[in-house]
Amino acid sequence: MTSRNIGIMRYNPEQDKKPHTESYQVEADDNTSVLDALQQVQQQDPSLSFRWSCRMAICGSCGVMVNSVPKLGCQTFLRDYPDSLVISPLSNFAVEKDLIVDMEPFLEHLSAIKPWLINSEQSTVPHVQTPQQLARYQQFANCINCGLCYSACPQFGLNPEFRGPAALALAHRYNLDSRDLGKAERMPQLNAKDGVWTCTFVGFCSEVCPKKVDPAAAINQGKVESAKDMILSVFKSSGVR
Amino acid sequence: MLQLDMDIIVVGGGGAGLRAAIAAAEVSPSIKIALVSKVYPMRSHTVAAEGGAAAVTSDDDSLQSHFYDTVAGSDWLADQNVVEFFVQHAYQELVQLERWGCPWSRKSDGTVQVRRFGGMKTERTWFAADKTGFHILHTLFQTSLKYPAIKRFDEYFVLDLLVVEQQVAGVLAIRYSTGELVQLRAKSVILATGGAGRVFHYNTNSGIVTGDGMALALRHGVALRDMEFVQYHPTGLPGSGILITEACRGEGGILLNKDGYRYLQDYGLGPETPLGEPRNKYMELGPRDRLSQAFWQQQKLGLTGDYQGHAVVYLDLRHLGEKHLNERLPLICELAKDYVNVDPAKTPIPIRPAVHYTMGGIMTNVDCETSINGLFAIGECASVGLHGANRLGSNSLTELLVFGKVAGEKAAGTALQKNGISHHAFATQIAEQEAALAALHGHNSDDSLVAVRTGMTLAMEQGCGIYRDEEGMQRCLEQLHELNTRYTQLKVVDHGKVYNSALLQHLELGFGLDVAMTICSSALARTESRGAHQRTDDGMGTRNDGEFLQHTVAVRQVDGSVGIHWQPVSVTSLPPGQRLYGDANTSNTAEDKS
């Protein structure tokens, strides 16, 4: 264990006008994660607030900016930042206290795209779904809702109404599922002005995704679907069959 | 104070809570359901379950066989009427999840794939790669979004139940984001708050698994049952305790000691099965209690290895090959690389047992009802009587669904029939809680929350570990009493309102101490060895059905100590028998030959 310095962005809405960085000493070895370091600091200063839970990169709670890049605290190690290390709250979300941001906009976007299997058939037996059919959407079903992609997304930063990478990837996940019949219900959300076309394909969302969901690819494929859908609707409304 | 009237309150947004909320919403769309959780639902600990969910699925399997495995696995302490109900409803619940979109792994013909699991005679574990809990939780969460009847209260921490004359009337909660107290009133309350693994020092559990619901119920006179049975998962990562799923062994992974020897054959689990040919209920596919106990024995013999100061054995997956590992165990490959810097395709993973699951919990009947009218409990926080002295892996994910549905429907039925209780009835209780909270703030001179919490987790690890004895447990109980006294002197040093995590940690520690006390007291009372409760005292090394074919029932006494009563086990069709694995179980060999 060696002692080292880290910076943490602090903000207490009951006292501070704006966030500021404070410096802390922590003990670190090769296995010390950013989350471990935050816990050490919290032992020195119990007023530090941050979210965490599983410690194994599956619950999605501990997203923070590490030297201005969105990361999961539990999956990011101090060994990879030998020089300076500053931890701050996820960008593009409102800061509530210290490293805790307001996740409500994220939840609203997620709910808006109807992220559930739409299929009214009643049955007591499982659907048949081949491994190939599963593979079409499986990657997009691995999103842990950590929100890192929203912090990475310049469009979401400019326009918080943008549905954003995780929600659009989830819509795509259900649209690709062989058991789902709800694509027509979801397309208006994808076609809308805050849907897939807001994305300018920067691709940073996919770079920061800790689960390799590749939301950028989902949105790109969503654009193809959206274009087809809009052309079809033009034909339909003009009476062309 | 914000006051809201609901019909049903579900405390906990994990698999059990979500399943219950959906079941209630399906009873009637006009029912008002509050889903109250101290974290966003998708952060709940269900997310970390890896291996799978059990249900009789293939033609060569039978309900009788699942029943037998569960009862024998429980070392005959499961309530057999409950196990019967469970195995009968398991399959339909997994199908329901499938109909809601859960991405279960498939066979090439498109039917659901099942895998081997420890203590199960037949392949009957449904899985979604090695992220089964994650997929179940997200499927349930996403499905819950389509029911307007379910109103979520995310990041609300429940600090007390409202109870009037043995009738539940609601909960008192703190809104984490603002520090406001909120009174939620309802006619039914379902506790689905998860286990208490965090009262131990080394555990596979998320930080939130602090026993809240168990303590809430205990403080209102509800009994906690079978609390001495705490499952050590045989394969956690050293130090962190991060879970390395049993599915690794289901796929053919083997356990080696420091000399590369498959030591399980020395502990009644052999003979050694050939590499790449795992066999149900043999060797690495024995039950969790036996495997964790074998580790302890190896450690005593000096045959464990060392990983940064931790005693370890090795989980060898190399023979499975990189492709198979990436397909079936992708999360494990990630975790091993990130947290112990090991590529499982090339190097065995250092592992050791870590506390994983609390078999005991809030005592309920098969309808998930507690001794308080309108109060239900489900999932890991509950003791419905399914797991007895040792839970079989992949029974608990199914349990969340089967009993989540039962509780949701029952709670809806109760809520539709009952009238609400007058608000005045619990005004005093609320005033007391408000005063207690206000008195918490202050400064500590030389003690701290961390010191007391660490004291508790280490005391439990030392006194109530894999093997236990009278002296060690007595010492543990004394330490817990001292820690409790120190706890009552502790102050919350952060005086803020917004996201005051120091306050929540303080309240969680209070819950944890209450639960730890019941674990230790129950363990002291059981002077035999059964399942996960193994005693090294003279004359207590074996199972004693004559005296102890009974559940411990722990009740809080007026002075705050824990009193232990006994409740007979329900035996419907399978009288107690010997619990044997490997070739020692002649039915294994006989049936294999047939």
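As the structure is a computational prediction, the values presented were derived from the model and not from experiment.
Of the two parts of B/D109, only the backbone, made up of N, CA, C and O, holds a non-hydrogen atom closer than 4.5 Å to a non-hydrogen atom of chain A. If you measure heavy-atom distances from A/N142 to chain B, the contacts under 4.5 Å come from both the backbone and the side chain. Heavy atoms closer than 4.5 Å to chain A are found in the side chain of B/F134, but not in its backbone. Heavy-atom distances place the side chain of A/P13, and not its backbone, under 4.5 Å from chain B. In this structure, the portions of B/N203 lying under 4.5 Å from any heavy atom of chain A include both its backbone and its side chain. Looking at B/V112, the atoms closer than 4.5 Å to chain A (heavy atoms on both sides) all sit in the side chain, from C-beta outward. Looking at B/Q96, neither its backbone nor its side chain comes within 4.5 Å of chain A, counting heavy atoms on both sides. When heavy atoms are compared at a cutoff of 4.5 Å, B/T46 does not approach chain A at all. Only the side chain of B/L335 comes within contact range of chain A, with heavy atoms under 4.5 Å apart. With a threshold of 4.5 angstrom between heavy atoms, A/N31 approaches chain B through side-chain atoms but not through N, CA, C or O. A/C143 touches chain B through its backbone: at least one of N, CA, C or O sits under 4.5 Å from a heavy atom, while the side chain does not. Contact of B/R198 with chain A is made through the side chain alone, with heavy-atom distances under 4.5 Å. Only the backbone of B/K107 comes within less than 4.5 Å of a heavy atom of chain A; no side-chain atom from C-beta onward does. With a 4.5 Å cut-off on non-hydrogen atoms, B/H138 touches chain A through its side chain but not through its backbone. Heavy-atom distances place the side chain of A/E14, and not its backbone, under 4.5 Å from chain B. For chain A, no part of B/L449 is nearby; none of its heavy atoms comes within less than 4.5 Å. For chain B, no part of A/S33 is nearby; none of its heavy atoms comes within less than 4.5 Å. When heavy atoms are compared at a cutoff of 4.5 Å, B/E327 does not approach chain A at all.
Between chain B and the options A/N119, A/L48, A/I58, A/D102, heavy-atom pairs under 4.5 Å are most frequent for A/I58. Of the listed residues (A/S178, A/A141, A/A57), the one with the most heavy-atom contacts under 4.5 Å to chain B is A/A141. Chain A forms the most heavy-atom pairs under 4.5 Å with one residue out of B/V39, B/N500, B/N205, and that residue is B/N205. Taking A/K97, A/R51, A/H127 one by one and counting their heavy-atom pairs under 4.5 Å with chain B, the maximum is reached by A/H127. Here B/R99 is the residue among B/Q113, B/R99, B/Q142, B/K146 with the most heavy-atom pairs under 4.5 Å with chain A. By number of non-hydrogen pairs under 4.5 angstrom with chain B, the leading residue of A/N12, A/D180, A/L170, A/D98 is A/L170. For the set A/T130, A/L107, A/L110, A/D177, the count of heavy-atom pairs under 4.5 angstrom toward chain B peaks at A/L107. For chain A, the option among B/R43, B/H135, B/K131 with the highest count of heavy-atom pairs below 4.5 Å is B/R43. Note: B/Y40 leads B/Y91, B/F141, B/Y40, B/W104 in heavy-atom pairs under 4.5 Å with chain A. Interface check for chain B: of the options A/Q122, A/Q133, A/M103, the most heavy-atom pairs under 4.5 Å are formed by A/M103.
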Apply ring pair (Phe, Tyr, Trp, His ring centres under 6.0 Å) to residues B/Y176 and B/Y499 and explain how you reach the verdict. CA-CA 5 Å; B/Y176 188 28; B/Y499 284 103; 4.7 Å; yes

Go through it in stages, so that I can follow the logic: the residues are B/Y339 and A/F77, the test is ring pair (Phe, Tyr, Trp, His ring centres under 6.0 Å), and I'd like the CA-CA distance, side-chain angles, deciding distance and then a yes or no. CA-CA 10 Å; B/Y339 297 103; A/F77 297 88; 5.7 Å; yes

Can A/F162 and A/F156 be said to form a ring pair (Phe, Tyr, Trp, His ring centres under 6.0 Å), step by step? CA-CA 6 Å; A/F162 175 39; A/F156 180 69; 7.3 Å; no

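Taking the six-membered ring for Trp and thresholds of 30 and 60 degrees, A/Y150 and A/H109 have nearly parallel ring planes, at less than 30 degrees apart.
Residues meeting the salt bridge (Lys or Arg N to Asp or Glu O under 4.0 Å) test with B/K405, sequence neighbours left out: B/E409. Checked against salt bridge (Lys or Arg N to Asp or Glu O under 4.0 Å), A/E185 has the following partners two or more places apart in sequence or in another chain: A/K114.
Note on B/R175 versus B/D154: no salt bridge recorded, every NZ/NE/NH1/NH2 to OD/OE distance being 4.0 Å or above. Checked for salt-bridge contact, B/E98 and A/R179 meet the test: a charged N lies under 4.0 Å from a carboxylate O. B/E508 and B/K38 are joined by a salt bridge, as a carboxylate oxygen and a charged side-chain nitrogen come within less than 4.0 angstrom of each other.
The ring of B/H495 has its center closer than 6.0 angstrom to the ring center of B/H443.
Residues A/I8 and A/L99 form a side-chain contact, since some pair of their non-hydrogen atoms from C-beta on lies under 4.5 Å apart.
Both the sub-6.0 Å distance and the 45° axial angle are satisfied by B/K151 relative to the ring of B/F153.
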